[in-house]
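The structure appears below as structure tokens.
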Amino acid sequence: MLLELNNVEVVYSDVILVLKGVSLSVEAGQIVALLGANGAGKTTTLKAISGLLRSEDGKVTGGSIRFQGVPIHAEEPQNLVRRGLVQVIEGRRILPHMTVEQNLLVGGKVQKGRVERRQMLDKVYGYFPKLVNLRARVSGYLSGGEQQMLVIGRALMAGPRLILLDEPSLGLAPMTVTEIFELVERLRRQEGIAFLVVEQNANVALAVADHGYVMENGRIVLYGTGPELRENEDIKEFYMGMSISGHGKSFKDVKHYKRRKRWLG
Amino acid sequence: MLSLLSYVANGALTGLLYALIAMSFVIIYRSARVFNFAQGEIVIVGAFLVWTFMSAFDLPVWVSVPLALLSSLLLGVLIERLILRPLVGEELFAFVMVTIGLLIFIRGVVLVAWGPEVRFFPAVLPMAAVKVGPLVFDRALVIGAAVTLVVAAAASWFFNRTQLGLEMTAVAEDHQIALSLGISVKRSIAVAWGISGLLSTLAAIIFLNGKGMTFLASDIGFAALPVALLAGLESIGGVVLGGLIVGIAVGLAAYFLDPIFHGGVAAVFPFVIMVVILLIRPTGLFGWKTIERI
Ligand SMILES: Nc1ncnc2c1ncn2[C@@H]1O[C@H](COP(=O)(O)OP(=O)(O)OP(=O)(O)O)[C@@H](O)[C@H]1O
Ligand SMILES: [Mg+2]
């Protein structure tokens, strides 16, 4: 097992209990989707894994997190990146005053040396040919889609075994979203990289995911393979805006429904 | 006319000295977002270190200067480790208070260790004046200007071209992203304090070469503040231009205003400029504005 969370609890600022026992697992080369409403604790889960939690005064207070069999809940992010676990933070967080290539080079921090870093850079440009022409551009001025490509490419520079990808579709046009998920699928196929993807857009995420989890209120409430979840009526209701009767629901209805509906209730 | 030119040229040279101190300030601010009010005190510690090695211990220049540079580098790292690192995660206000506290503390230590009397700073650099046509310059300032330009070019190369420098620039941009990419933010900040300490001692040598000094010479740190603010607190190249602008403005103020107000205007002029900048453009002239895409 590449990544295994067992009954993980997370507390912010010593008092705010946000994760109340999250268990999930990702095998090498798998794409796993993590779905759930706003505030369910998806980002917190990713940060608990990557170790970024501590920079926000959060702590894993219970359960265990194992990466390649080794407990990592107390590990510094830099050691995890070196071991092949990288998080792509939500909101397309480029380094805005640095060029595209500088962003990528920084991402290659854990590479052994200059030569390895250059080789990795060429590989990333191979996967993201659009970035080649933009290499000298200040990244703050890229389009949203280009920035999303850049942050994924930057994570790739570390040569990871597992990428934690937080809401890559946020605010992007459907075509760009499709393009990004095609890339995720290709990276898995050709590089054997596993992905744990947090998504609001369940449709695209489940289309490529081997399996998925649904979170609510700091707990995992639903688990299934990609196709199972895609056929799940609740998921259709919440994420695809389709009711059982086949009528499309407006986003507002779905949101309202989401509030009172309890998963597996 | 000739004397106006002389005021402007000497102002520019002094401005570049300010720029060197401002650079040591900016390097810390970029990495740690810490506004180090004690920068001038660190310059003075550097100065007293050079004095101690050279005048008190009678070591040769080529031993004393590297030793002082190394010590001030360690001092920077030590201050970061002992005083600022425990504050990580605290409010901005805590950092402001702690660097002001640091200023008072170092001033006290300097007074106790080296006393209040005037010491003569050794002539590390040649003293003979430089004559360019009819203009006369302090040789240390001329050498200092060249040093500043070289250091700025080197820093710019370092932060934009080398892997460690790029990582430090990433830390300057966003601590969380830097962390997520496997960069040790703590180490970057410690390196920044070290470089800053080293530059401070370099500035001390240029500033005080062959002059008398007391602990009050640390006021130079305040003169460098307007330069750092004008530059926008993040830009190394901006610091050089900021230094030139402030230096020349002070030269002009000394020439035109001091005779009218019977002196004193030039001394406060950098702060007049600072207030004006803060009113008109708080991000400075060359600083990182938030990039807003439309
Ligand atoms: N640093 C923090 N301190 C305190 N509470 C926090 C912190 N970060 C997140 N929370 C709280 O934890 C809960 C889960 O947040 P989290 O960001 O993990 O949700 P999410 O599932 O990623 O939501 P979204 O879909 O909106 O991104 C929220 O109620 C949030 O307010
Ligand atoms: Mg989130």
Side-chain angles (χ1 to χ4, degrees), chain A residues 13 46-47 50-57 76-99 101-111 113-114 117-118 138-144 146-147 151 154-160 163-164 166, chain B residues 26 29-33 85-91 94 156-191 231-238 283-294:
Chain A
S13 312
L46 296 193
K47 285 183 178 159
S50 66
L52 290 181
L53 204 56
R54 262 161 288 138
S55 68
E56 294 189 359
D57 202 17
E76 293 286 332
Q78 74 230 47
N79 297 331
L80 295 175
V81 174
R82 192 162 288 121
R83 270 151 62 181
L85 174 73
V86 188
Q87 177 172 4
V88 178
I89 302 172
E90 74 189 312
R92 304 196 288 273
R93 296 265 292 277
I94 40 133
L95 300 161
H97 301 91
M98 300 175 80
T99 66
E101 186 147 307
Q102 287 176 335
N103 265 269
L104 293 174
L105 288 171
V106 170
K109 149 136 198 122
V110 296
Q111 292 295 336
R114 217 184 126 74
R117 204 170 288 122
R118 281 280 149 192
V138 172
S139 64
Y141 295 111
L142 298 185
S143 77
E146 290 159 352
Q147 290 183 345
V151 291
R154 194 175 61 189
L156 211 51
M157 285 295 296
I163 295 181
L164 310 171
D166 201 347
Chain B
V26 161
Y29 180 81
R30 271 166 63 96
S31 290
R33 287 288 177 273
R85 189 170 297 182
L87 288 180
V88 167
E90 296 293 327
E91 302 287 328
S156 178
W157 171 81
F158 173 73
F159 285 117
N160 287 299
R161 295 268 180 275
T162 68
Q163 182 64 22
L164 178 63
L166 284 175
E167 287 163 22
M168 288 181 70
T169 304
V171 170
E173 288 252 33
D174 189 325
H175 285 186
Q176 200 180 32
I177 298 179
L179 275 176
S180 80
L181 298 173
I183 295 165
S184 166
V185 172
K186 288 177 196 161
R187 197 190 64 155
S188 280
I189 292 176
V191 172
L233 292 172
E234 279 118 353
S235 158
I236 304 284
T283 54
L285 293 182
F286 316 100
W288 284 348
K289 311 174 284 288
T290 335
I291 293 181
E292 300 211 30
R293 294 192 60 258
I294 306 157

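Every chain is numbered from 1 and lettered A, B, ... according to where its sequence line falls, protein lines coming before strand lines.
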Problem - Straight-line distance of Arg154(A) CZ to Ser180(B) OG, nearest 0.5 Å - result: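 Answer for the CZ-OG pair, Arg154(A) versus Ser180(B), is 6.0 Å.
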
Problem - Value rounded to 0.5 Å, distance of CG in Leu166(B) from NZ in Lys109(A) - result: 11.5 Å

Handout entry: Any Lys47(A) side-chain heavy atom under 4.5 Å of Gln176(B) side chain
Key = yes

Problem - Any Arg114(A) side-chain heavy atom under 4.5 Å of Gln163(B) side chain - result: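 No - every pair of side-chain heavy atoms lies 4.5 Å or more apart.
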
Practice task
With a 4.5 Å cut-off on heavy-atom pairs, point out which of Val110(A), Ile89(A), Asp57(A) contacts chain B the most.
Solution key: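 It is Ile89(A).
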
Problem - Winner by heavy-atom pair count (cut-off under 4.5 Å) against chain B, out of Gln78(A), Glu56(A), Arg82(A) - result: Gln78(A)

Practice task
Could you walk me through whether Thr169(B) and Gln102(A) pass the side-chain contact (heavy atoms from CB on, under 4.5 Å) test, one step at a time?
Solution key: CA-CA 10 Å; Thr169(B) 304; Gln102(A) 287 176 335; over 6 Å; no

Handout entry: Per-residue contact mode, Ile94(A) against chain B (heavy atom under 4.5 angstrom)
Key =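 Contact with chain B: backbone only.
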
Exercise for the section: Count the heavy atoms belonging to other residues, nucleotides or ligands that lie under 6.0 Å from CZ of Arg161(B), then report whether that count exceeds 12. Expected result: no

Completion exercise
Highest number of heavy-atom pairs under 4.5 Å with chain A among Ile177(B), Ile183(B), Leu164(B) belongs to Ile177(B)

Handout entry: Shortest non-hydrogen contact from Leu179(B) toward Ser55(A)
Key =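 Distance-wise, the nearest heavy atoms are CD1-CB, 3.7 Å.
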
